[in-house]
Protein chains: 2
Amino acid sequence: MAKQVLDSLDRHILKLISQDARIPFLEVARACNVSGAAIHQRVAKLTNLGIIKGSQFVIDPEKIGYETCAYMGLFLKEPEKFDQVVEELKKIPEVVECHYTTGGFDMFIKIYAVNNHHLLEIIHDKLQPLGLSRSETIISFNAAIDRQLSLKDIQQVSDEEDETTEE
Amino acid sequence: MAKQVLDSLDRHILKLISQDARIPFLEVARACNVSGAAIHQRVAKLTNLGIIKGSQFVIDPEKIGYETCAYMGLFLKEPEKFDQVVEELKKIPEVVECHYTTGGFDMFIKIYAVNNHHLLEIIHDKLQPLGLSRSETIISFNAAIDRQLSLKDIQQVSDEEDETTEE
DNA sequence: AGTGAAACTCCCGGATT
DNA sequence: AATCCGGGAGTTTCACT
């Protein structure tokens with residue numbers, strides 16, 4: 001079980017590419033004082049380890065007509081069917097998050113909808129049929145912050161340049 | 001104001017690049033039956049319109065040692081200082097979302113922390129000093145879904161051109 | 001693991017329709 | 001707006017360290 005797989009080069013690379021997926025690897029290489037091939041190898045390694053889950057252009061939901069963002073706590077009639085419900089939720093494109101949480105809810109989800117009316121439609125037509133007994137909805141008027149976990153302060157774990165001895 | 005800024009080519013492009021930011025634009029071009037330069041122009045347009053907010057490699061927080069994810073509803077002693085508090089929250093790298101919502105909370109945030117102990121530390125050392133009167137915390141044991149809003153699938157970018165007459 | 005060079009592919013500007 | 005084009009730049013593989 002690898003615990004500390006990231007060395008400072010990994011972190012530097014992640015920092016750069018997590019902010020701009022289109023940055024040329026050669027530019028990353030120059031910033032890190034290594035060769036382009038090294039970056040290529042590291043990114044491949046990080047991807048294989050699952051640390052990098054992929055890359056994406058980030059789209060502003062509001063700008064493409066999704067003006068309502070909501071969080072919902074759901075209560076299931078049959079809580080033991082959690083996994084099945086998750087599978088159904090995956091098929092609903094408007095559902096972007098689903099968590100198993102503390103706090104009493106059976107599940108906690110995040111949804112984007114065109115407007116409040118559309119949100120109601122989703123709840124009524126797509127969520128209710130999954131077997132909800134009750135739900136609580138929190139609507140976001142405004143996302144003042146919405147970003148990825150930043151790697152700024154992540155080097156705390158090990159200052160020493162460590163060999164990553166796994167396997 | 002522009003209502004329908006996106007034509008089917010835009011949607012097709014967004015669909016592809018929102019799933020893989022590293023895909024060569026030429027490959028997108030081939031998939032859309034247009035030239036590479038056309039993709040280049042469209043992406044520039046979508047970026048200028050703010051529809052594309054940027055690009056990023058997606059990092060799995062858990063894999064880099066952030067094993068606790070939590071949502072918190074915050075109540076401020078001085079709710080009118082919302083904007084100031086937001087500015088302070090932006091400085092805390094572990095805070096990845098902040099919303100102004102219905103539901104009684106003054107604000108609703110999402111946080112990543114290394115573990116529960118680290119979360120408590122953040123709450124006590126960084127959040128409390130912002131002037132919290134009370135808070136409610138929901139901890140996620142498991143993110144069963146975590147993705148971007150996906151665009152509806154596009155029908156063939158065909159001969160039919162729908163005019164996007166704006167400006 | 002990282003390097004450097006080679007072969008391949010892509011990016012992106014300008015001119016054109 | 002989209003197309004073609006071309007020089008400059010980036011990507012990726014591989015033998016070597």
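- Formation of a donor-acceptor pair under 3.5 Å by the Thr102(A) side chain with backbone atoms of Ile139(B) is found in this model.
- Using bins of under 30°, 30° to 60° and over 60° for the plane-to-plane angle, the ring pair Tyr100(B)/Phe141(A) lands in the tilted bin.
- Here the side chain of Glu97(B) pairs no donor or acceptor atom with the backbone of Tyr71(B) at under 3.5 angstrom.
- Checked by atom type and distance alone, the side chain of Arg147(A) pairs as donor or acceptor with a backbone atom of Val95(B) at under 3.5 Å.
- Nearest-nucleotide assignment on DNA chain D puts the 5′-proximal partner with Gly36(B), out of Gly36(B) and Ile23(A).
- Comparing Pro24(A) and Gln41(B) against DNA chain D, the residue whose closest nucleotide sits nearer the 5' end is Gln41(B).
- Checking dC10(C), dG10(D), dC11(C) against the side-chain heavy atoms of Arg30(A) singles out dG10(D) as nearest.
- The aromatic rings of Phe108(B) and Phe108(A) are tilted relative to each other, their planes meeting at an angle between 30° and 60°.
- When distances are taken from the side chain of Leu9(A) to each of dT3(D), dT3(C), dG2(C), the shortest belongs to dG2(C).
- In this structure, His40(A) does not reach the dT11(D) phosphate: none of its side-chain N or O atoms is under 4.0 Å from OP1 or OP2.
- Rounded to a whole Å, the CZ atom of Arg22(A) is 9 Å from the C1' atom of dC10(C).
- Distance Phe25(A) CZ to dC11(C) P: 13 Å, rounded to the nearest Å.
- The NZ atom of Lys45(B) sits 7 Å away from the P atom of dA1(D) (whole-angstrom rounding).
- In this structure, Asn33(A) places its CG atom 17 Å from C1' of dA1(C), rounding to the nearest Å.
- Nucleic acid contact class of Glu27(A) (heavy atoms, under 4.0 Å, all strands): none.
- Taking atom CG of residue Asp7(A) and atom C1' of nucleotide dG2(C), one finds them 12 Å apart after rounding to whole Å.
- Distance Leu16(A) CG to dG10(D) C1': 16 Å, rounded to the nearest Å.
- Among the heavy atoms of the strands lying under 4.0 Å from Leu26(A) is at least one base atom, whether or not backbone atoms are also near.
- The phosphate of dG2(C) has OP1 or OP2 within less than 4.0 Å of a side-chain N or O from Arg42(A).
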